[in-house]
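Reading through the structure tokens given below for one structure.
This chain uses plain numbering: 1 for the first residue, then up along the sequence. Remember, it's a predicted structure, so these values are computed and weren't measured experimentally.
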Amino acid sequence: MERFKFLRFFSFRTQLDFLPSSNPVRENLINGANTDTNGEHRDGFFSNLVYGFLRRFKSGSKLSSPKIDGGSKTEEEEKVYSWLYALARSEIYMAFEYVRSTERGLSFTEAEKRLKENGPNTPLEYTFPSSWHLLWSAFFHPFNIILIVLSALSYITSDNPNGCIMLILVFISVSLRFYQEYGSSKAAMQLSEYVRSPVKVQRCAGRVVQTELIVQVDQRDVVPGDIVIFEPGDLFPGDVRLLTSKHLVVSQSSLTGESWPTEKTADAREDRSTPLLELKNICFMGTNVVSGTGTGLVVSTGSKTYISAVFSTIGKHKPADSFEKGIRHISYVLVGVMLLVVTIMILVEYFTFYDLSESTLFGISVACALTPQMLPLIINTSLAKGALAMARERCIVKSLSAIRDMGSMDILCIDKTGTLTMNRAIMVNHLDSWGAPREKVLHFAFLNSYFKSDQKYPLDDAILAFVYTNGYRFQPSKWRKTDEIPFDFMRRRVSVILETESNPEGRNIQPFYRFIITKGALEDVLKVCSYVENVDMGEITAVSAEHHHRILNVVEELRNEGLRIIGVAIKNLQQTKISKQNMENEDDVESDMVFLGVIAFFDPPKDSAKEALWRLAEKGVKAKVLTGDSLSLAIKICKEVGIRTTHVTTGPELEQLNQEAFHEKVKKATVLARLTPSQKLRVVQSLQSVGNHVVGFLGDGINDSLALDAANIGISVDSAASVAKDLADIILLEKDLNVLVAGVEQGRLTFGNTMKYIKLSVIANLGSVVSLFIVTLVLRFEPLTPIQLLVQNFLYSVGQIAIPWDRMEEDYVKIPQKWSVKSLPMFILWNGPVCTLCDVATLLFIWFYYSSGGRLDESFFRSAYFIQGLLMQTLIFHLIRTEKIPFIMEIASWPVLASTVVISAIGIAIPFSIIGDFMGFTDLPLSYFGFLVVLFVGYFTVGQIVKRIYIMVYKKWL
């Protein structure tokens, strides 16, 4: 079948062939690093994943996908990690040896050769199934085949309405499935935007004397061994080992989710104990330069980069969940039972009446009665109803199956930023270097924020708001700004030079006073401080090791409480000195400053977060925080909102664990901090496979893409990155967890109503078919003609349309609902025979009460059996929909009651109408309806007893 080429950024070949293709040194580095110290080989699972992926497409079944437990990295990830660590530990001259390049760069000829060998540095051409193949996969489902065959047979038997309905149901089912399958790989295309840009590279040219040239090439043409030159705003075209750097600051938010950039330097020598994303001399594909300049050696491109290894699973099809597997198994069982029963019924009919045509039509009618024709409509109507209900809660449901999965969700993984917290800073304290509150610290921090003309950041707004709302009168009108050194990511501080006529320190001995006030990242402020102010002693002393240690201890305590800290320092500029200052020399101006203290900020939890988490816990949904932030900050927030922090861990700690210990740690931990994207993925997979949980993941960044794709329910927000929104099943228009509480309730309502229909259909249909078989053997004639059986089945099916509007018991929505392999068969075995016994009781009553000379009038029996069968199939729903006594302790919703009344009335009226005459019915005496009242009272009584016994046996033993 024809396939189209789909450009895919995060894809992998099954073997990692780093350029150049044959390099024994590199292979030894990778293989050596992949061997554990105890001699055991750490096998990955990626090759099995790809093989399972191909098998799934070959067979058209999701069930052949291998189990992914997330306990370890893939084999390809291990190779990438080993390669990058080897380069990070090595000297620069060895890095050139590893990639077989020179300090002059590659020649144009060599670059072209490597480009041909390894292909362009772009998304790989990944062969995805064509739209026709996806359509066939969506169509080729056993239940669809059943409906299509029965529809064709219905047309053959002139039952056109029934055949048309079944075709419409197949169309709805196939369309929804095709839409979801076709859109599953769209997100990978969004990620390609991170590598589309021109790149400056250093190449060498000349046959005799080689000359170094700086040329601009398309990102597609960059190969390992190239030397790239970068400046602010540039994207790294591959994984890069830094050669030179000057004040280089890089944003890695696409990988970590952290908005604060990180410093990089070419002079660093790293070891294996440093987390990969914290390596100072390695820059990663997809990240960008915030400030500074430098050069770097490209060591990996395309699918060999870290970001490709991490995001290689995006767009892969998720394994079928327990509900999908259950529906598929029921379909197979129904096919088998249908073939067996219909074959037997046809043979019995034929050997009784020797009319093959009539026997075949009767068998087809029995097959229609055995098929739960409304299953696609009931499922999709229930899901659509849930989606509309969630839309009223301001969220968009992209995947209808996510509504059902919400009902089964028992673990919700969330990132704290913007979900648990308000995602804004609030100032909470102003402390001196001894940790005591000092107004002077706040005063100068306020002046800095007030007078800075550069863009005001949230921290500035927080300081100004704190001063204004707490009634401080710092009189900024008495100050005048003369100059400013704006903030940049290299210095990580901002300074203003102010002038006033009164000395804020209390001594007026000069006509005016000038101060430079600096605030910013604590470490960078301390770098320019030579003195510290001791307010209690009224003196300024030189910063000693003891002072430095004490300040860091104070700050550490504050950070452990989840607070964000900035430092404040000042310097009194004498008039004679300031006139000589050259403001272009920032290092001289920002030097020998006096450290005043720190300002503390807090990102407070949302008022609704604690309540929402408590409501989710009440419904059996446990919350786990998966974040890239620091552990102390995550713990602080979790304590505020009521998440237990007894068991916590970090990404670097997880990296050191073996597979079994990893699963155990993930099982117990409620807070997991400093996680990389691949670690978030592994945590989700561990919870799914080893813990057998249905996992929801709420994320909004590129770094959340893997976990969003792997989770049973991917949840994002309207302000999220385009990739995250593409991969999400549900998009929240507001970051409010209470919406998810409503989603859980809707999911369980949807799941419960769907299970009601499945139980009803299987019990009623199987019971009806068994009864037909028994009656046919006993009476030696058809209990219902094909047209009568089809009309009965049609009325019964129409009556079930109201099921999605039924309500669930309060206790049902309090716990996660999952498909149970044991519960449904056991339920059928316990309750199915009761229906058959009622049918047999009807047969005996009619035989002994209305027979004449041992003979029954066929028309009379069929009229009586038609009404009894329709009422039985209609009323049985009220017995199985609740564990309580129906109509007394628990009443169905009004749409279900109305449907029951209308369908029952129509069924009773048909034998007395003109339509009944046409169908071969006759009038029935009033005494028969009295029997039906007794019969159904007895049925509900016996059924209730059997149901209670089943519940006790199932809950105690199974």
Side-chain angles (χ1 to χ4, degrees), residues 7-13 16 18-19 44 46 73-85 87-88 118-124 126 185 187-197 199 219-220 222-224 226 228 230 234-242 250-258 261-262 264 275-279 281-289 296-316 628 651 655 675-682 699 701-710 721-724 726-727:
L7 287 178
R8 194 155 189 266
F9 179 38
F10 298 117
S11 302
F12 249 128
R13 295 172 184 168
L16 197 63
F18 287 105
L19 279 174
F46 189 82
K73 302 188 193 76
T74 66
E75 182 179 352
E76 306 306 327
E77 281 185 85
E78 286 287 1
K79 290 182 178 180
V80 170
Y81 272 58
S82 300
W83 173 239
L84 293 178
Y85 272 119
L87 288 159
N118 292 265
N121 180 30
T122 56
L124 293 180
Y126 194 89
S185 58
M189 289 296 294
Q190 297 287 341
L191 294 163
S192 62
E193 66 190 52
Y194 286 92
V195 292
R196 299 245 177 214
S197 60
V199 181
Q219 169 266 333
R220 296 164 53 93
V222 175
V223 296
D226 268 332
V228 294
F230 42 82
D234 288 344
L235 286 167
F236 288 100
D239 291 341
V240 173
R241 169 62 161 90
L242 292 178
V250 175
S251 172
Q252 298 186 154
S253 60
S254 60
L255 299 178
T256 64
E258 295 182 1
T262 182
K264 298 285 185 177
L276 186 70
L277 293 179
E278 296 179 16
L279 295 175
N281 56 7
I282 298 291
C283 296
F284 301 92
M285 186 180 197
T287 62
N288 63 283
V289 179
L297 178 66
V298 178
V299 296
S300 303
T301 59
S303 66
K304 289 80 173 180
T305 58
Y306 168 79
I307 197 170
S308 295
V310 168
F311 289 92
S312 61
T313 59
I314 283 185
K316 295 288 193 297
E655 284 295 319
L675 296 182
T676 65
S678 59
Q679 288 172 335
K680 290 182 180 181
L681 169 67
R682 292 168 58 198
I702 303 296
N703 59 310
D704 296 321
S705 300
L706 282 174
L708 281 170
D709 188 49
S722 58
V723 181
D726 245 352
L727 290 169

Notebook entry, point to check: So, Phe230 versus Phe236, ring centres under 6.0 angstrom or not?
Noted result: yes

Notebook entry, point to check: Hey, is the main chain of Leu87 close enough, under 3.5 Å, to the side chain of Arg241 for a donor-acceptor pair?
Noted result: yes

Check: Looking at Leu242 and Cys283, what are the two nearest heavy atoms and their distance?
Finding: CD2-SG, 3.8 Å

Check: Quick one: does Thr305's side chain have a donor or acceptor within less than 3.5 Å of a partner on Thr301's backbone?
Finding: no

Next item on the list: Using modelled atom types only, decide if a donor and an acceptor are shared between the side chain of Lys264 and the backbone of Val250 within a distance under 3.5 Å.
Entry: no

Next item on the list: Using modelled atom types only, decide if a donor and an acceptor are shared between the side chain of Asn281 and the backbone of Ala88 within a distance under 3.5 Å.
Entry: yes

Checklist line | Spacing of Leu84 atom CG and Lys304 atom NZ [to the nearest 0.5 Å] | finding: 13.5 Å

Notebook entry, point to check: side chain to side chain contact (heavy atoms under 4.5 Å, CB included) between Leu276 and Phe284: does it pass, once the steps are laid out?
Noted result: CA-CA 10 Å; Leu276 186 70; Phe284 301 92; 4.1 Å; yes

Check: Taking atom CG of Leu675 and atom CG of Leu681, what is their separation to the nearest 0.5 Å?
Finding: 11.5 Å

Note to self: Any side-chain to backbone donor/acceptor pair from Asn121 onto Gln219? Under 3.5 Å, distance only.
What the structure shows: yes

Item checked: Check: Val223 main-chain N/O paired with Asp226 side-chain donor or acceptor under 3.5 Å -> yes

Check: Is a side-chain N or O of Asp239 found less than 3.5 angstrom from the main chain of Tyr306, in a donor-acceptor match?
Finding: yes

Notebook entry, point to check: Rounded to the nearest 0.5 Å, how far does CD of Gln252 lie from OG1 of Thr262?
Noted result: 5.5 Å

Notebook entry, point to check: Would you find a donor on one side and an acceptor on the other, under 3.5 Å apart, between the side chain of Ser82 and the backbone of Lys79?
Noted result: no

Check: Under 4.5 Å between any side-chain heavy atoms of Val299 and Pro224, yes or no?
Finding: no

Check: Should Asp704 and Lys680 be marked as a side chain to side chain contact (heavy atoms under 4.5 Å, CB included) after you check the CA-CA gap, both sets of side-chain angles, and the distance that decides it?
Finding: CA-CA 8 Å; Asp704 296 321; Lys680 290 182 180 181; 2.8 Å; yes

Next item on the list: Over all heavy atoms of both residues, which pair between Gly302 and Ser308 is shortest? Give the atoms and the distance, please.
Entry: O-OG, 2.7 Å

Next item on the list: Would you confirm whether Glu655, through its side chain, and Pro275, through its main-chain N or O, come within 3.5 Å as a donor-acceptor pair?
Entry: no

Notebook entry, point to check: Is a side-chain N or O of Ser251 found less than 3.5 angstrom from the main chain of Asn288, in a donor-acceptor match?
Noted result: no

